[in-house]
Each structure stands twice: as C-alpha cells, then as structure tokens.
There are 2 protein chains.
Amino acid sequence: MLIIFAALIIFILFMKNKEIQEARMKGYFIEATKELIKGEGLKSLSVRSIADKAGYSFATIYNYFRDVNDLVFLCVIDFQKECEEAVKQKTAHIEVGKEKLKAKIFAWAGYFVEYPGIFEVYYLAKSGELGHRQSTIELITNSLNLVIEDEWNFIKETNPNNYEVFEQKKNALQYQVIGILLLYLNRNFPSDYSEFERLLKYSVDGLFE
Amino acid sequence: MLIIFAALIIFILFMKNKEIQEARMKGYFIEATKELIKGEGLKSLSVRSIADKAGYSFATIYNYFRDVNDLVFLCVIDFQKECEEAVKQKTAHIEVGKEKLKAKIFAWAGYFVEYPGIFEVYYLAKSGELGHRQSTIELITNSLNLVIEDEWNFIKETNPNNYEVFEQKKNALQYQVIGILLLYLNRNFPSDYSEFERLLKYSVDGLFE
DNA sequence: CAAAGATAATTAACATTGTTAATCATACAA
DNA sequence: TTGTATGATTAACAATGTTAATTATCTTTG
C-alpha cells in the first residue's frame, strides 16, 4: 500500500519534470518565432528559420506543435501581454479621462506600426481551421478592447447615461483603427506616417465629437 | 518612296495583330485567375492552377506577366468594375438620398462577403514592391469611395455646410467597413452573418446620427 | 556496470510552390 | 526548301511544410 503511494508520487514528480522540460522546449521555439516575427515578419518565417534560431532541427518542432501555424498563433498571447504593457507604460503620465483613452488608442496602434509583422499575425495571417485556436482568435478580436478597458469603464461611469451608445462607439472605434492600420501597413495608404497619424487622430476625435 | 510607305503600313498592321493576340492571351489568363479567386480564393491559386484552367503550360504565363502577383493584381481592375456594376444594379430601385447611400455601402460590403477571395486580393495579399502596381493599389484604397461617389456628392450638395466634416466622415466610414469585413471574413468575428449585418448597420447609421 | 527499451532529435524523403533555363515546335522569309 | 524568329513546353532549381525512417540519448533493470 505504502509502496503504491510512493510510486504514485514518484510518477507525479516525473510527469512534472516532463512538463517542465516540454514547456521549456516550447518556450525556445516560441521565443525564436517571436523574434523573427518582430524582426522581418511572416515573409522570413519558416519552420526552418525558426528551428535555426532556436538551435534545433526543423523536424523537432513537430514534436511540440501540431504545425507551424499553431506555433505562430501561440505567440499572440505573449504579444498581447507585451502590447498591453507598452501601452500602460507609454500612457502612465496622463491622468485618467478622455485624453488618456485617446493616448492609449494611439499607443495601441503605434505598437503595430512598430512591429508590422505582429499586425500580420493578428489580422492578416489565415488562421486555418479554428477550434483549438478559438481562444487566440478571441484575444485578437478583443485586443484593443482589452487595452482600453479601464479607461473606457471610467468614462462610462462618469457619463452614466446612454450605455448602448457607448458600447456602439467602442465597436466603431475598433473597426476604424484596424481599418486604418490595414490600409497603412498593407497598402501603403497614406504613404507617410504623419498623414497616417492625422487620419488616426481625426478618426478618434470624431468619436467624441 | 511608295514602297517604304506600304511597308510601314504592313508593319503597323502586323504590330496591331500582335497586340491583339497578346491582349487575347493575357485575357485568357486573367479570366482563369478571376474564376479561381472568386471560387476558392488565394489558397487554391497557383501559377499551375491558373495555367491549367487557361489551357496552357504554367511557364507560358511568364511570357505575358512579370510574375504571378502581377496577374493577380490586374484582376482588381475587372473586379472593381464588376463590383460597381453589382452595387448599381442592387440599389437601382432606391431613390437618391441617404437611404440609397446606406444601401450602396451594404451592397459594396456584400460583394466581398459573396467573394471572400476578392477581399483577400484587395486587402490581405501582400503587394510586393509597388511601383508599377501603384495605380491598382490606389484603386483598392479608393474602392468604396468610387462606388458611393455620386450619392455622397448629392448629399453633400443638399447640405452645403461643413464640407470638412463630410470628407472626414467618408474616411471614417471606409475604415470602419473595411475593419468589420476584415474581422468577419478573416477572423470569423462575429461568427454569424446576421450579427455581422447588425454591426455593419450600426456602424453606418452611427455616422448619420 | 552493461544491455534493453523508451524517448527525443535528426536526417531523408516527398509534394507543392514560384521562377528561370533549355528545348522544341511552328509560322514566316529568303 | 531551308533557315530564323516567336512562342509554348518540359526540365530543373530552390524554398516551403510535413511525415517517415533513422539515429542518439537517457532510463530502467538484470
């Protein structure tokens, strides 16, 4: 009886080690993938380039991930964290209110302008069969909302009337910013950054009349 | 002297024939490409599948187009014409005014919902080096504006005040619709069409308070 | 400590892609 | 009829994602 118990514990510890090792391996590949995406974007991303950067053979990836797309979409979790952190840090000096909300929106868009490859992964890359990637897709479609959640709630509370209109505007905002980013990053329109900034500012301001 | 003249004319006719033949060949490939894009989208599009459909060998394409991307972006010209035609036809029964403008926006979006592959080409496909594709890119970034131009001008004339705000709203509108389409077609959000319609309606209505 | 067995990593191999080079066919000119 | 230009085709290459076969490593056990 005691022996069975001991064996069980050893087995559990063994499994825990295995999990740690597996997580570590996954981390190596995810880190390599993130660097490549942030650097050159999807065009230079391949199962071979990832493996090279991680210091393993390309086939090893398939011991830890179903396919290369899985690996790419796993990076989104980290990117989102990083993005939220960057926005928080860039807007820390502004006191809560409408201006801070606007600044956060700008900072959010700025993150993707700085890393166009991440924008590719978020919105351009084809997601293949969803299902097990569903939660990641939700993270993506909610990315801006997550970043501005606090500011938005604060403003909503100070203007307790017309709740419906507020939610409405939040949606409209997200679609506009993503649309502007899409044309700017993927279609070079407008062709210079200052004009892009102006368009974005107009769009954001327009929502608060 | 007369002979030189005759030779010149023959040469001109010869060149004209050549041009006709070349245009015809290009047309075969463009037609095949359009069908594939409208059917299965970019995922089933390859230089081989195009050539198969056109009834030629894959290498023949390179006698008429610089590369496969060139061919794809040439299709945009036809698609845009078709889209404008479809919108015009679908909204013919509505009398000019705000409601017709809204209907046109819906019809424009509906065209891309019907052919997600065309949306891919317009906004998702990477354009490579622009330059000789610049005019196509402009067509893309102006697609919605071209479709609603007449309605927009009509409304602008009936409300001659605040010109600036109107242009502003036109931009905001385009970005919103493209953003909604992007999330719906490429990220499956929202997951059903009726909800997509509702979001679109809200966004469009919101611009006219 | 050494052999056996499991696990993990690598190399080989394949199919598909875009693209270019080499080859072949066909129409026209001399 | 024979040479020549045009243009269509096949061969070939490199890069890609993926799977199968093989090798190395580590663990367990006699």
Side-chain angles (χ1 to χ4, degrees), chain A residues 3 6-8 10-29 32-33 36-37 40-74 120-121 125-129 133, chain B residues 3 6-7 10-11 13-29 32-33 36-37 40-74 120-121 125-129 133:
Chain A
I3 269 194
L8 188 66
I10 287 172
F11 179 75
I12 288 173
L13 291 176
F14 172 75
M15 287 310 289
K16 204 153 194 77
N17 271 349
K18 261 192 68 149
E19 275 168 34
I20 289 172
Q21 285 159 23
E22 184 170 326
R24 193 145 39 204
M25 284 295 284
K26 284 192 178 184
Y28 296 151
F29 288 117
T33 308
L36 286 169
I37 291 172
E40 287 290 312
L42 290 185
K43 69 174 165 305
S44 77
L45 193 76
S46 74
V47 69
R48 264 114 175 149
S49 65
I50 296 169
D52 273 1
K53 206 168 194 66
Y56 286 91
S57 163
F58 58 87
T60 308
I61 287 176
Y62 292 92
N63 291 335
Y64 296 93
F65 306 93
R66 160 188 309 210
D67 56 30
V68 70
N69 236 313
D70 238 31
L71 179 46
V72 167
F73 277 92
L74 274 173
E120 274 187 274
V121 172
K126 62 192 52 154
S127 49
E129 318 80 37
R133 279 192 269 274
Chain B
I3 269 194
I10 287 173
F11 179 74
L13 290 177
F14 173 74
M15 287 311 290
K16 204 153 193 78
N17 271 349
K18 264 194 65 154
E19 274 168 35
I20 289 172
Q21 286 159 23
E22 183 170 327
R24 196 148 34 209
M25 285 294 285
K26 282 192 180 184
Y28 295 152
F29 287 117
T33 308
L36 286 168
I37 290 171
E40 287 289 314
L42 290 186
K43 69 175 164 303
S44 76
L45 192 76
S46 74
V47 69
R48 265 118 175 145
S49 66
I50 295 170
D52 273 1
K53 206 169 194 70
Y56 287 91
S57 163
F58 57 87
T60 308
I61 288 176
Y62 291 92
N63 291 334
Y64 296 93
F65 305 93
R66 163 188 306 211
D67 56 30
V68 71
N69 237 313
D70 237 32
L71 179 46
V72 168
F73 276 93
L74 274 173
E120 273 187 274
V121 172
K126 63 192 52 160
S127 48
E129 317 81 36
R133 279 192 269 273

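Letters A, B, ... mirror the listed sequences (proteins, then strands); counts begin at 1.
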So do F29(B) and K53(B) actually touch side chain to side chain, heavy atoms under 4.5 Å?
no
Where along residues 48-58 of chain A does a heavy atom come under 4.0 Å from DNA chain C, residue by residue in number order?
R48(A), Y56(A), S57(A), F58(A)
Where do I61(A) and V68(A) land on the side-chain contact (heavy atoms from CB on, under 4.5 Å) test, with the steps shown first?
CA-CA 8 Å; I61(A) 287 176; V68(A) 70; 5.9 Å; no
D67(A) meets the side chain to side chain donor-acceptor pair (under 3.5 Å) criterion, sequence neighbours left out, with none
Measure the distance from OH on Y28(B) to P on dA8(D) and round it to the nearest whole Å.
11 Å
I want to check something: taking the side chain as every heavy atom from C-beta on, are N69(B) and S127(B) in contact at a cut-off of under 4.5 Å?
no
What's the angle between the local helix axes at either end of the helix from dC1(C)-dG30(D) to dA30(C)-dT1(D), using five pairs per end and rounding to 10 degrees?
40°
Can a donor-acceptor pair be found, under 3.5 Å and without considering hydrogens, that links the side chain of T33(A) to the backbone of V72(A)?
no
Rounded to the nearest angstrom, tell me the gap between atom CE in M25(A) and atom P in dC26(D).
13 Å
Boundaries of the DNA chain C segment in contact with chain A, non-hydrogen, under 4.0 Å
dA8(C) to dA13(C)
Counting N and O atoms only, with roles assigned by atom type, does the side chain of R133(A) sit under 3.5 Å from a partner on the main chain of F73(A), one being a donor and the other an acceptor?
no
So how far is it from D70(A) CG to Y62(A) OH, rounded to the nearest 0.5 Å?
11.0 Å
State which residues pass side-chain contact (heavy atoms from CB on, under 4.5 Å) with L74(B); sequence neighbours excluded, sorted by chain then number.
I30(B), F65(B), I77(B)
Looking at S57(B) and T60(B), would you say the former's side chain and the latter's main chain have a donor-acceptor pair under 3.5 Å?
no
Where each residue is assigned the nucleotide of DNA chain D containing its nearest heavy atom, which of I61(B) and A59(A) is assigned the position nearer the 5′ end?
I61(B)
Please examine the side chains of K26(A) and E22(A), heavy atoms only from C-beta on, and report whether any two atoms are closer than 4.5 Å.
yes
Below 4.0 angstrom, which residues in residues 62-72 of chain B have at least one non-hydrogen atom near DNA chain D?
N63(B), Y64(B)
Once you round it to whole Å, what is the distance between C1' of dA15(D) and CG of L42(A)?
16 Å
Hey, are E120(B) and K126(A) close enough for a salt bridge, meaning a charged N less than 4.0 Å from a carboxylate O?
yes
Flag the pair F58(A) / D52(A) as yes when at least one side-chain heavy-atom distance between them is below 4.5 Å, and no otherwise.
no
From CD of Q21(B) over to P of dT6(D), roughly how many Å is that when rounded to an integer?
13 Å
Where do A32(B) and I50(B) come nearest, in terms of heavy atoms and distance?
CB-O, 3.7 Å
